[in-house]
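First comes the structure, then the notes that go with it.
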Amino acid sequence: MAKESIAKQVSALLDTDYYTKRALLMGIANASAVAQMIRREHMPRASFVAIKAAVIRYVDAQEEYEASPDLRKLLEKTKTSIRSGVSVIHVSPRYKYLLKLAAIYDKASEFAVINSNNAITVMVDDELADEVLKLVGKANVLSAEHDSSIVSLTSPAKIETTLGFVAFVTDLLSRHGINIREYYSCYTDTIFVLSKQDAIRAYELLESFG
């Protein structure tokens with residue numbers, strides 16, 4: 001049996017097997033287990049190695065899953081932008097003088113403050129990071145990372161009522177080996193903080209839906 005024939009059969013089987021396809025794309029099922037199942041139930045005479053290779057190629061060829069018509073439309077209308085040279089500074093949650101950072105806000109092209117139980121996260125232009133650190137004080141800084149990049153998604157207002165947008169995007173990035181360092185959203189903007197290398201890949205990947 002030719003490899004191409006095996007690939008076509010595997011593709012046809014997975015296209016119609018919703019739950020197996022979903023498990024593969026979510027990373028819950030591995031290629032070996034799925035190949036064993038396909039060989040046992042559908043293709044007993046085929047090579048296990050060839051079936052597994054076909055499963056892997058099938059997964060690699062998939063760009064999305066479970067994207068409803070509303071989600072697809074939203075993705076098509078979402079604009080993607082990328083910015084480099086961003087510092088991420090984690091400050092002790094006990095720090096009580098955030099108003100001191102107002103002067104930074106007036107000068108920054110990139111500035112965000114997110115407060116949680118365990119830390120206050122400040123994202124700011126690299127060139128202003130030292131000013132932030134000086135204002136906050138070394139004793140209050142938990143960590144500081146420079147030269148990060150931001151990939152921003154700006155969507156129509158319908159994002160607030162469209163199910164699965166963030167889940168789809170984060171899963172897409174994860175399946176392509178892209179690590180999300182920080183994430184936050186504000187109204188119609190969805191922002192991911194990534195390494196410089198991952199940001200370029202993420203931008204190109206997300207732009208393909210436009």
For a 4.5 angstrom cut-off between non-hydrogen side-chain atoms, does [X] reach [Y]?
X: H90; Y: E145; value: no
X: Y183; Y: T170; value: no
X: D17; Y: M37; value: yes
X: V88; Y: R181; value: no
X: L14; Y: V34; value: yes
X: T188; Y: E160; value: no

Hey, could you give me each pair passing salt bridge (charged side-chain N to carboxylate O under 4.0 Å, His left out) that has a residue in residues 184-196? Not counting sequence neighbours.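 Those involving residues 184-196 are D147-K196.
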Go through K52 and S32 one step at a time and tell me if the side chain to side chain donor-acceptor pair (under 3.5 Å) criterion holds. CA-CA 6 Å; K52 180 179 177 180; S32 294; 3.0 Å; yes
Is the closest side-chain donor-acceptor distance between D126 and S87 under 3.5 Å?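 A pair is found: one side chain offers a donor N or O, the other an acceptor, under 3.5 Å apart.
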Is the CG atom of L99 crowded by more than 12 outside heavy atoms at less than 6.0 Å?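 No, because the 6.0 Å sphere around CG of L99 holds 12 heavy atoms or fewer from other groups.
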Gap between atom [atom2] of [Y] and atom [atom1] of [X] - 0.5 Å precision:
X: S185; Y: F192; atom1: OG; atom2: CZ; result: 9.0 Å
X: L153; Y: T80; atom1: CG; atom2: OG1; result: 5.0 Å
X: K73; Y: T162; atom1: NZ; atom2: OG1; result: 10.0 Å
X: L206; Y: L172; atom1: CG; atom2: CG; result: 6.0 Å
X: S84; Y: I150; atom1: OG; atom2: CD1; result: 10.0 Å
X: K21; Y: L13; atom1: NZ; atom2: CG; result: 13.0 Å

Are any side-chain N or O atoms of R201 and backbone N or O atoms of H176, one a donor and one an acceptor, separated by less than 3.5 Å?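 Flag set: sc R201 to bb H176 pair under 3.5 Å.
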Keeping S11 on the side-chain end and A7 on the backbone end, is there a donor-acceptor pair under 3.5 Å?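 Not at all, since once roles are kept as given, no pair shorter than 3.5 Å links the two residues.
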Is V141 isolated, or which residues cluster with it under the ILVMFWY side-chain rule of less than 4.5 Å, directly or via members?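 Once heavy-atom contacts under 4.5 Å are chained together, V141 belongs with I89, V91, Y95, Y97, L98, L101, I104, Y105, F111, V113, I120, V122, V124, L128, V132, L133, L135, V136.
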Show every side-chain hydrogen bond (donor to acceptor under 3.5 Å, both in side chains) that has at least one partner inside residues 108-119, sequence neighbours left out.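 The answer is R83-S109, S109-D125.
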